[in-house]
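Below you'll find the structure, written out as structure tokens, and then a few comments.
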Amino acid sequence: MRIVVALGGNALLRRGETLSAAAQQAAVGDAARSFACVAAMGHQLVITHGNGPQVGLLALQSLAGPVESAMPLDILGAESEGWIGYSIELALRNALPADTTVVTLLTQTLVDGSDDAFSRPAKPIGPVYDEATAKKLAAANHWSIAPDSKGWRRVVASPEPQGILEIAVIRQLAESGTIVICAGGGGIPVQRMSDGTLAGAEAVIDKDKTSALLARQLGADLFIMLTDVAGVYLHYGTENARMIRRTSPRELATEGASFGAGSMAPKIEAACAFVRETGRSAAIGALGDLADIIIGTKGTTIAGE
């Protein structure tokens with residue numbers, strides 16, 4: 001099968017760990033071993049990944065220099081895509097046979113410059129702060145901030161992905177048997193200007209939405225989103241929590257209130273969009289269960305009626 005696998009932020013960096021090169025490479029090593037097992041099964045792999053903590057760290061580092069040297073989010077997105085893609089590619093090359101071809105492709109994602117998201121920042125990036133610290137940093141750096149889990153984080157615009165500029169190249173590489181790492185962090189956001197030229201956009205695109213778009217455009221047989229939980233749970237975090245093993249977009253729509261607006265809701269939305277538009281299956285589960293998710297014995301599978 002051709003499988004698009006999206007690595008969530010919690011699959012790239014374990015909860016509670018400080019973001020460091022060593023911690024990230026250790027987590028990526030775990031991912032590479034799972035991917036190696038899937039590649040050995042004969043599947044075509046296209047890998048995407050999140051970048052929320054990484055792009056937030058790069059933004060903080062950028063602010064530490066002179067004001068005129070601060071980088072916009074599209075450039076920081078490109079930096080994080082290269083950084084994480086390199087880490088994944090390095091780990092894959094160490095986990096796979098020497099003749100396996102692997103490539104990291106910087107990917108640009110087209111957005112609409114008039115998208116309402118630019119006036120409603122909602123995508124969390126960077127570290128979690130206590131409320132007082134977050135408000136102090138927001139005032140000093142002209143950030144928008146919002147509550148996130150047990151603290152506060154910077155939030156930025158997250159427009160809808162409209163297209164993937166490198167889609168033809170990604171398809172060609174996948175068809176040649178190359179493992180492709182692309183669309184990292186949702187891709188580098190670019191917009192079409194009135195004169196037809198392209199320009200970067202001050203945004204971070206949702207990784208799951210871009211990954212679902214990529215999976216549709218590539219004609220993927222299966223779209224998988226990996227995180228650090230075993231699947232989709234009803235009433236997660238309560239004594240009544242129950243994991244859903246197999247479901248459909250229609251059934252999930254009736255349970256929408258149970259998932260809230262956290263990290264799982266965007267995954268469910270992306271999975272359902274892929275299933276509705278292609279008639280194929282999507283799945284959500286834990287990184288270490290990847291091989292079993294593919295054969296349907298672990299994780300949550302979302303399929304048509």
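Quick note: residue numbers are just sequence positions, from 1.
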inquiry  = Any non-hydrogen side-chain atom of Lys135 less than 4.5 Å from a side-chain atom of Ile145?
reply    =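 SC-SC contact between Lys135 and Ile145 confirmed.
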Original post:
With a 4.5 Å limit on heavy-atom distance, are the side chains of Leu214 and Ile167 in contact?
Top reply: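 Sidechains of Ile167 and Leu214: in contact.
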Looking only at atom types and distance, does a side-chain atom of [X] sit under 3.5 Å from a main-chain N or O of [Y], one as donor and one as acceptor?
| X | Y | answer |
| --- | --- | --- |
| Glu89 | Thr104 | yes |
| Gln108 | Glu166 | no |
| Arg245 | Gly299 | yes |
| Arg154 | Ala134 | no |
| Ser281 | Ala303 | no |
| Asp206 | Ser158 | no |
| Arg171 | Gly219 | no |
| Thr109 | Gly186 | yes |
| Thr300 | Ile244 | yes |
| Arg93 | Val102 | yes |

Answer with yes or no whether the hydrophobic clustering places Val111 together with Ile188; edges join I, L, V, M, F, W, Y residues whose side-chain heavy atoms lie under 4.5 Å apart.
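No: no chain of side-chain contacts under 4.5 Å links Val111 to Ile188.
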Joint cluster assignment, Ile75 & Trp83, ILVMFWY side-chain distance < 4.5 Å
yes
Which of Pro147, Pro127, Pro124 passes side chain to side chain contact (heavy atoms under 4.5 Å, CB included) with Arg153? Answer is Pro124
If I compare all heavy atoms of [X] with all of [Y], which pair ends up nearest, and what's the gap?
| X | Y | value |
| --- | --- | --- |
| Phe35 | Leu45 | O-CD1, 3.7 Å |
| Pro159 | Ile205 | O-CG2, 3.8 Å |
| Glu202 | Leu73 | OE1-N, 2.9 Å |
| Ser87 | Val28 | O-CG1, 3.3 Å |
| Leu58 | Ser80 | CD1-N, 3.7 Å |
| Ala91 | Gln25 | CB-NE2, 4.0 Å |

Open item on the list: Quick one, Phe223 with Thr278, criterion side-chain contact (heavy atoms from CB on, under 4.5 Å). Give me CA distance, side-chain angles, the key distance, then yes/no.
Closed with: CA-CA 11 Å; Phe223 170 41; Thr278 67; over 6 Å; no
Leu165/Thr107 under side-chain contact (heavy atoms from CB on, under 4.5 Å): CA gap, chis, key distance, verdict: CA-CA 7 Å; Leu165 298 191; Thr107 311; over 6 Å; no
Asp74 vs Val190, test: side-chain contact (heavy atoms from CB on, under 4.5 Å). Steps then yes/no. CA-CA 8 Å; Asp74 59 310; Val190 296; 5.9 Å; no
- Message: Within the supplied structure, the quantity of interest is the number of heavy atoms (other residues, nucleotides, ligands) at a distance under 6.0 Å from Gln172 CD; does it exceed 12?
- Response: no
Worksheet entry | CA sep, side-chain torsions, deciding dist, call: Val46, Leu218, side-chain contact (heavy atoms from CB on, under 4.5 Å) | CA-CA 9 Å; Val46 177; Leu218 286 179; 3.9 Å; yes
